[in-house]
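In what follows, every heavy atom counts, from backbone to side chain, and hydrogens, waters and symmetry copies are set aside. For ligands, and for the atoms within them, numbers begin at 1 and follow the listed sequence.
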Amino acid sequence: MKTVIIGANHAGIAAANTLLDNYPEQKVVMIDRNSNLSYLGCGTALWVGRQIDSYENLFYTNREAFEAKGADIRMETTVKKIDFEGKKIFCESLDGATFEESYDKLILATGSLPIAPQIPGSDLEGISFLKLFQDGQEVDRQISDPAVKNVAVIGAGYIGVEIAEAAKRRGKEVRLFDVASTSLASYYDPWFSKDMDENLKKNGVETHYGERATAYKGSKHVEAVVTDKGEYPADLVINAIGFIPNTGLGKEHLECFGNGAYRVDSHQKTSDPDVYAVGDCATIYSNALRAETYIALATNAVRSGIVAGHNVGGTELESIGVQGSNGISIFGYNMVSTGLSVNMAEKNGLKVEYTDFEDLQRPGFMKHNAKVKIRIVYEKESRRVVGAQMASEEDISMGIHMFSLAIEEGVTIDKLKLLDIFFLPHFNQPYNYITMAALGAK
Ligand SMILES: Cc1cc2nc3c(=O)[nH]c(=O)nc-3n(C[C@H](O)[C@H](O)[C@H](O)COP(=O)(O)OP(=O)(O)OC[C@H]3O[C@@H](n4cnc5c(N)ncnc54)[C@H](O)[C@@H]3O)c2cc1C
Ligand SMILES: NC(=O)C1=CN([C@@H]2O[C@H](COP(=O)(O)OP(=O)(O)OC[C@H]3O[C@@H](n4cnc5c(N)ncnc54)[C@H](O)[C@@H]3O)[C@@H](O)[C@H]2O)C=CC1
C-alpha cells in the first residue's frame with residue numbers, strides 16, 4: 001500500500017509518523033514545497049521578542065528522521081495538480097523538474113494560507129505576513145533595522161497580539177488595529193479581553209479597535225497605514241487577520257465547507273474514499289457546537305493526522321472532536337479558553353447562560369498570590385458546559401483541560417458544583433474558584 005502525503009508540517013508529520021511507526025508494510029511518500037518542516041509558529045513571536053535565545057530549536061523533527069524510518073520525502077517540491085480518477089499527482093521541484101507520483105491512498109495536509117487584505121498599497125515593501133518560518137525571519141530582519149521605528153499590526157487575534165508584544169519588547173512604537181471592539185474577540189468575552197487590552201496599553205502598545213485598514217501608503221516602501229479613522233506612520237506592517245484553508249488542489253473534486261475547507265468524516269476521510277484531509281485544510285467536529293466547523297490550531301492538526309494515519313494504516317479510529325482549546329501569555333498575563341465564549345455561542349445560535357467568579361488564587365496568608373478570574377458558559381436548556389475562560393498572572397493553564405473534557409463529555413454545570421477538587425494553600429483556596437463559579441450558576 002502506497003500513501004502519498006501532501007504537506008509535511010504538523011498534520012502531515014503526525015500522519016506520517018503514525019503510518020511509519022505502526023504499519024511497517026506501508027510505503028509513505030511525503031511532499032512539501034517548503035525547505036523546512038515542523039516549524040513551531042508559536043516560537044516566532046518569542047524569538048522576535050528575544051524571549052528565547054535562538055530560533056534553531058523551534059523545529060521538532062527533520063527530513064533525515066523520516067528517511068531513517070523509510071519514508072520517501074521530497075522537500076522543495078510543489079504539487080501542481082491531482083488526477084483523482086487516475087490516482088496520480090503531478091509535482092514540480094525547485095529546479096523546475098516535473099514528475100508524477102501514483103498513490104493508493106492520499107492524505108491532503110496542505111494547511112492554510114494567511115488572509116491578505118485586498119487594499120491599495122498591499123504590494124509595497126515592508127508589508128509582511130507571519131505564517132512561515134521565512135516570514136518570521138523576514139520580520140525579525142526588519143525589526144532589527146534601527147530605521148524601522150513604527151510597526152503596525154493589522155489584526156488583534158492570536159498572531160497579532162503576540163507579535164505586537166514582541167515588537168514592543170524590541171523597543172518599537174507599536175500600533176495594533178482590529179475591526180472588532182477588543183483584542184482576541186473570537187476567543188474571549190469582553191470581561192477578559194478588556195483586561196488584555198489594558199495589559200497591552202500599560203506596556204506601551206497603542207490599540208485601535210473598531211478600526212479597519214483601508215490603504216497602505218508609501219512610494220516604494222510602506223510609510224503609513226490609512227484606516228477609516230485616521231492615518232498612522234508605519235515602517236513595517238504585519239498582516240494577521242486570520243487563515244483560510246489551502247484547498248486549491250482538491251476543491252473542484254472534493255466536497256468543501258463554507259470557507260473552502262475539505263469536509264471530512266470522523267475518520268478524516270473526504271468525499272473521495274481514497275482521500276483523507278487533516279489539519280488546517282480540513283473541517284473539524286466541534287463538541288461545543290455539536291457541528292462541523294473550522295478551527296486552525298497545531299493541536300488539532302496533530303490529532304487529525306494521527307486519526308488519518310491509523311485509518312489509512314488499517315486500524316479504524318474515530319476522531320472524538322475538539323473544543324478549540326487555546327491559550328495566550330502576554331507581558332506575563334495568561335489567558336486560556338476552551339469551547340465557546342458567550343459572544344461566539346450566541347453568534348452560532350446557542351442560548352447560553354454563564355457564571356463568573358474572581359478571587360485570589362491562594363489563601364490571603366500566602367506570599368505568592370495573584371487574582372484569578374473564571375467564566376463558565378453553559379447551554380440554557382440542557383445545562384451542558386459549552387465553554388470556559390480563565391485568566392491570571394499565575395499559570396492557571398492546566399485547569400482549562402478539565403473544561404475541555406467536560407465539554408467533550410457533555411457534562412452539565414450542576415455536575416461541576418460538587419466535583420472533588422483538592423485544596424492546598426500552595427495551589428488554591430479551600431473554596432476553589434472553579435467550585436465557586438459552578439456553585440454560582442443559576
Ligand atoms: C505565528 C503562528 C503562531 C501559531 N501559534 C500556535 C499555537 O501557539 N498553538 C496552536 O495550536 N497553533 C498555533 N498556530 C497555528 C498552527 O501553526 C497551524 O494550525 C498549523 O501549522 C497547522 O498545521 P498543518 O500541518 O495543518 O498546516 P500548515 O502548517 O499550513 O502546513 C501545510 C504544509 O503544506 C505544504 N504545502 C501546501 N501546499 C502544497 C503544495 N501544493 N505542494 C507541496 N506542499 C504544499 C506547506 O509548505 C506546508 O508545509 C500558529 C500559527 C502561526 C502562523
Ligand atoms: N496561541 C495560539 O494558540 C495561537 C494560535 N494561532 C492560530 O493561528 C490562526 C491564525 O491566527 P490569526 O491570524 O491571529 O487569526 P485570528 O483569527 O486569531 O485573528 C484574526 C483577527 O483579525 C481581525 N480582522 C479580520 N479582518 C480584519 C481586517 N480587515 N482589519 C483588521 N482586523 C481584521 C479579526 O477581528 C480577528 O481579531 C488562528 O486559527 C489562531 O488560533 C496563532 C497564533 C497563536
**Q** What atoms in ligand 1 come closer than 4.0 Å to a heavy atom of Gly41?
**A**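 Close to Gly41: 1 (C), 2 (C), 3 (C), 4 (C).
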
**Q** Please state which part of Ile159 comes within less than 4.0 Å of ligand 1, counting heavy atoms only: side chain, backbone, both or neither.
**A**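 For Ile159, the contact with ligand 1 is made by the side chain alone.
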
**Q** Please test Ser35 against Glu76 for side-chain hydrogen bond (donor to acceptor under 3.5 Å, both in side chains), starting from the C-alpha separation and ending with a verdict.
**A** CA-CA 5 Å; Ser35 53; Glu76 298 187 276; 4.8 Å; no

**Q** Checking a contact table here: which protein heavy atom is nearest atom 35 (C) of ligand 1, and how many Å away?
**A**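 Checked against all protein heavy atoms, atom 35 (C) of ligand 1 sits closest to Asp32 OD2, 3.3 Å.
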
**Q** Evaluate Ala180 for polar contact with ligand 2, using N/O atom pairs at a separation under 3.5 Å.
**A**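 N/O-N/O distance under 3.5 Å: no.
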
**Q** Is Lys373 paired with Asp356 through a side-chain N to carboxylate O contact shorter than 4.0 Å?
**A**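 Between Lys373 and Asp356 there is no salt bridge, as every charged N stays at least 4.0 Å from the carboxylate O atoms.
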
**Q** Nearest protein heavy atom to atom 39 (O) of ligand 2, by residue and atom, and its distance?
**A**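 It is Ala296 O, 2.8 Å.
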
**Q** Among all protein heavy atoms, pick out the one at the shortest distance from atom 23 (C) of ligand 2; state its residue, atom name and that distance to 0.1 Å.
**A**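 It is Asp178 OD2, 3.2 Å.
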
**Q** Tell me: protein heavy atom nearest atom 12 (N) of ligand 1, and distance?
**A**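 The closest one turns out to be Ala298 N, 3.1 Å.
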
**Q** Under 4.0 Å from a heavy atom of Asp280: give me the atoms of ligand 1 that qualify, with their elements.
**A**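 Reading through ligand 1 atom by atom, the close ones are 18 (C), 19 (O), 20 (C), 22 (C), 26 (O).
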
**Q** Considering only protein heavy atoms, which is closest to atom 6 (N) of ligand 2, and at what distance to one decimal place?
**A**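 For this ligand atom, the closest protein heavy atom is Tyr158 CB, 3.9 Å.
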
**Q** Please check atom 37 (C) of ligand 1 for a protein heavy-atom neighbour under 4.0 Å.
**A**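 Under the 4.0 Å cut-off, atom 37 (C) of ligand 1 does have protein heavy-atom neighbours.
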
**Q** Considering only the protein, which heavy-atom contact is closest to atom 14 (O) of ligand 2, and what is its distance?
**A**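 Result for atom 14 (O) of ligand 2: Ile159 N, 2.9 Å.
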
**Q** Could you tell me if any non-hydrogen atom of Ile328 lies under 4.0 Å from any atom of ligand 2?
**A**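 Outside the 4.0 Å threshold, so no.
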
**Q** Among protein heavy atoms, which lies nearest atom 19 (O) of ligand 2, and at what distance?
**A**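 Nearest neighbour among protein heavy atoms for atom 19 (O) of ligand 2, to 0.1 Å: Gly157 CA, 3.2 Å.
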
**Q** Before accepting this row, confirm whether a basic side-chain N of the pair Lys201/Glu206 lies closer than 4.0 Å to the acidic partner's carboxylate O.
**A**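 Salt bridge: no.
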
**Q** Can you sort out which atoms of ligand 2 are near Arg212, meaning under 4.0 Å from one of its heavy atoms?
**A**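 Under 4.0 Å from Arg212, ligand 2 has these atoms: 29 (N).
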
**Q** Go through ligand 1 atom by atom and flag the ones less than 4.0 Å from a non-hydrogen atom of Leu249.
**A**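 Going through ligand 1 atom by atom, the ones under 4.0 Å from Leu249 are 41 (N).
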
**Q** Would you mind running through ligand 2 and noting each atom that sits below 4.0 Å from a heavy atom of Ala240?
**A**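 With Ala240 as reference, the close atoms of ligand 2 come out as 13 (O), 20 (C), 21 (C), 22 (O).
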
**Q** For ligand 1, which atoms have a heavy atom of Gly279 less than 4.0 angstrom away?
**A**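 Those qualifying, in numeric order: 26 (O).
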
**Q** Quick check with a 6.0 Å cut-off and a 45 degree axis cone: is Lys80 positioned over the face of Phe90's six-membered ring?
**A**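 Output no; distance or angle outside limits.
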
**Q** Check whether any protein heavy atom sits under 4.0 Å from atom 31 (O) of ligand 1.
**A**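 Flag for atom 31 (O) of ligand 1 set to true, protein heavy atom closer than 4.0 Å.
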
**Q** Should you measure from each heavy atom of Gly7, which atoms of ligand 1 turn up under 4.0 Å away?
**A**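 It comes down to these atoms of ligand 1: 33 (C), 34 (O), 35 (C).
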
**Q** Need the ligand 2 atom indices (1-based, order shown) with element for anything under 4.0 Å from a heavy-atom of Gly327.
**A**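 Matching atoms, with element in brackets: 1 (N), 2 (C).
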
**Q** Return all side-chain donor-acceptor pairs below 3.5 angstrom for residues 238-249, not counting sequence neighbours, or 'none' if the list is empty.
**A**
| residue | atom | partner | partner atom | Å |
| --- | --- | --- | --- | --- |
| Asn239 | OD1 | Tyr216 | OH | 2.7 |
| Asn246 | ND2 | Thr110 | O | 3.0 |
| Thr247 | OG1 | Gly260 | O | 2.8 |

**Q** Report yes if some N/O of Asn326 lies less than 3.5 Å from some N/O of ligand 2; otherwise report no.
**A**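 N/O-N/O distance below 3.5 Å does not exist for this pair.
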
**Q** Report the member of Val153, Thr299, Ile241 with the shortest heavy-atom distance to atom 24 (N) of ligand 2.
**A**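 It is Ile241 whose heavy atom sits nearest to atom 24 (N) of ligand 2.
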
**Q** Decide whether the shortest distance between a heavy atom of Thr77 and an atom of ligand 1 is less than 4.0 Å.
**A**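 Yes, that is the case, since the closest heavy atom of the residue is under 4.0 Å from the ligand.
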
**Q** Scan side-chain atoms only and decide if Ser286 and Thr293 contain a donor-acceptor pair under the 3.5 Å cut-off.
**A**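 No pair is found: no donor N or O on one side chain lies under 3.5 Å from an acceptor on the other.
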
**Q** Nearest protein heavy atom to atom 21 (O) of ligand 1, by residue and atom, and its distance?
**A**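 Going atom by atom, the protein heavy atom closest to atom 21 (O) of ligand 1 ends up being His10 CD2, 3.2 Å.
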
**Q** Test of understanding: given a 4.0 Å heavy-atom threshold, classify the contact between Ala109 and ligand 1 as side chain, backbone, both, or neither.
**A**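 Ala109 to ligand 1: backbone contact only, side chain stays beyond 4.0 Å.
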
**Q** Tell me which protein heavy atom sits closest to atom 30 (N) of ligand 2, plus the residue, atom name and distance to 0.1 Å.
**A**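 For this ligand atom, the closest protein heavy atom is Val179 CG1, 3.7 Å.
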
**Q** For ligand 1, which atoms have a heavy atom of Leu130 less than 4.0 angstrom away?
**A**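 Once the distances to Leu130 are compared, the set is 1 (C), 53 (C).
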
**Q** Please work out which of Tyr187, Phe243, Tyr294, Phe177 has its closest non-hydrogen atom nearest to atom 16 (P) of ligand 2.
**A**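 The residue whose heavy atom sits nearest atom 16 (P) of ligand 2 is Tyr187.
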
**Q** I need the nearest protein heavy-atom contact for atom 13 (O) of ligand 2: residue, atom name and distance, please.
**A**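 Nearest protein contact, heavy atoms only, for atom 13 (O) of ligand 2 is Gly242 N, 3.0 Å.
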
**Q** Counting from 1, what ligand 2 atoms have a heavy atom of Leu297 closer than 4.0 Å?
**A**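 Taking each heavy atom of Leu297 in turn, ligand 2 has 3 (O), 5 (C), 41 (O) under 4.0 Å.
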
**Q** How close does the nearest protein non-hydrogen atom get to atom 9 (N) of ligand 1, and which residue and atom is it?
**A**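 Scanning the protein heavy atoms, the shortest distance from atom 9 (N) of ligand 1 goes to Leu297 CD2, 4.4 Å.
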
**Q** What is the nearest protein non-hydrogen atom to atom 25 (O) of ligand 1, stated with its residue, atom name and distance?
**A**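 Checked against all protein heavy atoms, atom 25 (O) of ligand 1 sits closest to Ala11 N, 2.9 Å.
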
**Q** Do me a favour and list the nearest non-hydrogen protein atom to atom 29 (O) of ligand 1 with residue, atom name and distance?
**A**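 Its nearest protein heavy-atom neighbour is Asn9 ND2, 2.7 Å.
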
**Q** Will you find, in the side chains of Asp197 and Tyr209, an N or O donor that is under 3.5 Å from an N or O acceptor?
**A**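 Side-chain D/A pair, Asp197 to Tyr209: present.
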
**Q** Need the ligand 1 atom indices (1-based, order shown) with element for anything under 4.0 Å from a heavy-atom of Cys42.
**A**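 Atoms satisfying the 4.0 Å criterion: 3 (C), 4 (C), 5 (N), 7 (C), 8 (O).
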
**Q** Is the contact between Phe243 and ligand 1 made by the side chain, the backbone, both, or neither, using heavy atoms and a 4.0 Å cut-off?
**A**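 Phe243 to ligand 1: side-chain contact only, backbone stays beyond 4.0 Å.
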
**Q** For Asn246, which part has a heavy atom under 4.0 Å from ligand 1: side chain, backbone, both, or neither?
**A**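 Only the side chain of Asn246 comes within reach of ligand 1.
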
**Q** Please tabulate, one pair per line, all N/O donor-acceptor pairs under 3.5 Å involving side-chain atoms of residues 145-154, not counting sequence neighbours.
**A**
| residue | atom | partner | partner atom | Å |
| --- | --- | --- | --- | --- |
| Asp145 | OD1 | Ala147 | N | 2.8 |
| Lys149 | NZ | Pro146 | O | 3.2 |
| Asn150 | OD1 | Arg175 | NH1 | 3.2 |

